[in-house]
Every structure is written in structure tokens, then in C-alpha cells.
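Reading through the C-alpha cells given below for one structure.
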Amino acid sequence: MKGKMKKLFYICVVLFCLLTVSCGGELAVSLYTRDLTDVASARERILYTTVSFVVEGLRNEDDIEFLRENLNSFSNEHLTNYNYTKSLLFDVKVPIILYGTENEHDLSKDMLYIQGKENGDRYDFFMRYNRRLVSKINNYIYDNHYQNIDLSQFTILLELDNDSREDTKLVLNSSYVNGKAYPLTHEETLPARERLRVRLSDIMTKAISDTEQEYCILSIMK
């Protein structure tokens with residue numbers, strides 16, 4: 001009898017683990033060099049850009065309606081195959097704000113935001129999550145799907161467009177550029193009117209998602 005109860009206990013533990021898996025995904029941030037420098041130099045205090053999300057485990061109309069009500073400019077939603085499973089892809093607007101001006105803006109529907117500031121011979125940029133909104137979305141996912149959203153498991157892509165007439169010198173931190181890993185820093189010259197796709201490293205992604213500390217993801221040299 002005791003052996004059967006022990007076996008039943010282990011079965012329940014396994015089932016619970018299967019039901020409460022973490023869901024990951026991907027987010028791709030569209031960034032234009034002129035927008036970034038305009039904000040960091042205080043010519044603008046806030047501008048908006050587009051982020052495309054893929055979230056595993058979300059797929060029904062209730063999920064879509066919840067996200068539409070809680071995310072800024074939720075649009076272009078459709079199902080896609082990601083990691084061999086049906087996942088929800090959608091776009092939202094997120095702000096690029098001047099560093100230290102969070103209290104000036106309503107960020108209640110912004111899942112993340114980019115901060116920019118002047119730093120000597122460069123402009124530095126940071127990515128921050130809105131933890132209150134992330135917690136709200138996480139609670140919804142758990143209550144309806146028995147899953148947890150794990151931002152440390154998300155792939156973060158930066159799609160950098162140099163929309164100026166001159167080449168732009170970038171400093172990228174802990175990232176992959178053109179498929180090559182740069183665990184510390186990497187300098188890259190982005191020609192005028194060209195685009196660069198960057199993936200943040202797993203270490204940087206985890207640091208941004210799991211801590212309150214600030215991490216500079218990229219700099220633009222003056």
C-alpha cells in the first residue's frame with residue numbers, strides 16, 4: 001500500500017511539472033538610429049517604436065482579447081509555428097524615453113521600454129521591463145493555461161536601421177552580430193541606410209529579465 005502511494009505521489013509530481021511549464025518566445029525590437037539619438041540628446045522626450053512578440057502557449061480568442069486590452073497598440077495578431085508548436089505572434093508599440101523620465105509618461109500598457117541618455121562621447125541605451133504589467137500577464141497565463149511566462153527564455157532581437165545620411169558607429173554589448181558571438185563588447189560601423197540584426201546573448205537576456213539593475217545593450221558614438 002505504501003509503495004502504491006509513493007508511486008502515485010511521483011506521478012502527481014510529474015503531471016504537475018508538465019502542467020506548469022514555462023513558456024518562452026521571441027521579441028524583435030525595431031530601432032532607428034535617428035529616433036534613438038533624438039531621445040538620448042533630449043531633442044525628444046519620448047518616441048514610439050514597434051516590437052514583434054512571439055509567445056508560446058497562447059492561441060485562443062480570450063488570450064488575444066486580454067492582450068488587446070492590456071498592451072499598447074496591439075495589432076497584426078496571428079498564429080505561427082515556433083519551436084514546433086503553435087504560438088501567437090503580434091505587434092505592439094513601446095516607448096523610447098529619455099533616461100530618468102519614467103514618471104512623466106503613462107507606461108501602464110507598455111510591456112517594455114527603451115531608455116536613452118548622453119554619456120560623454122556616446123549615447124547609451126537600456127532596455128527595461130514593466131514588471132507590474134509582466135506580472136499581470138503572467139497571472140493571466142497561469143490562471144488560464146497553468147504556465148508561467150519566463151522572459152529569461154525569450155530571444156531578444158534588435159533590428160537596427162541607420163536612417164541617417166552618414167555611417168553610424170555602434171558599440172554592442174554581450175550580443176551576436178551576423179551570427180558571431182561577442183561576449184563583452186563589439187564595435188560595428190553601420191552604413192547609411194543599412195540595417196543590422198543583433199541578438200542579445202542569453203546572459204544579457206537573463207540579466208535584463210531577472211534583475212532590477214541597468215544594463216547598457218548598445219551605444220551610438222557621436
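Here the structure is a predicted model, which is why all the values come from computation and not from measurement.
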### Task
Anything under 30° is parallel, anything over 60° is perpendicular, the rest tilted; go ahead and classify F125 against Y123.
tilted
### Task
Mind telling me whether Y140 and H145 have parallel, tilted or perpendicular rings, with 30° and 60° as the class edges?
perpendicular
Check: [Y] main-chain N/O paired with [X] side-chain donor or acceptor under 3.5 Å:
{"X": "D38", "Y": "E44", "value": "no"}
{"X": "H105", "Y": "N103", "value": "no"}
{"X": "T85", "Y": "Y82", "value": "no"}
{"X": "D161", "Y": "D163", "value": "no"}
{"X": "T101", "Y": "E104", "value": "no"}
{"X": "N162", "Y": "S164", "value": "yes"}
{"X": "D91", "Y": "S75", "value": "no"}
{"X": "S135", "Y": "R131", "value": "no"}
{"X": "N130", "Y": "D110", "value": "yes"}

Would you say the side chain of [Y] lies within less than 4.5 Å of the side chain of [X], judging by non-hydrogen atoms?
{"X": "N173", "Y": "L184", "answer": "no"}
{"X": "D202", "Y": "K206", "answer": "no"}
{"X": "E56", "Y": "Q153", "answer": "no"}

### Query
When you look at E102 and R128, which way does the salt bridge (Lys or Arg N to Asp or Glu O under 4.0 Å) test go after all the steps?
CA-CA 11 Å; E102 296 94 323; R128 302 293 297 272; 5.1 Å; no
### Query
Is the gap between the ring centers of F90 and F74 under 6.0 Å?
yes
### Task
Please write out which residues are connected to V171 in a hydrophobic cluster, directly or through intermediates, given that two of Ile, Leu, Val, Met, Phe, Trp, Tyr count as joined at side-chain heavy-atom separations below 4.5 angstrom.
M221
### Task
List, by chain and then residue number, the residues other than Y48 in its hydrophobic cluster (Ile/Leu/Val/Met/Phe/Trp/Tyr, side-chain heavy atoms under 4.5 Å); write none if there are no others.
I46, I97, L107, Y113
### Message
Can you confirm whether more than 12 heavy atoms, excluding those of Y32, are under 6.0 Å from its OH atom?
### Response
no
### Query
Charged N to carboxylate O under 4.0 angstrom, E118 versus K222?
yes
### Task
Could I get the full list of ring pair (Phe, Tyr, Trp, His ring centres under 6.0 Å) partners for Y215, not counting sequence neighbours?
none
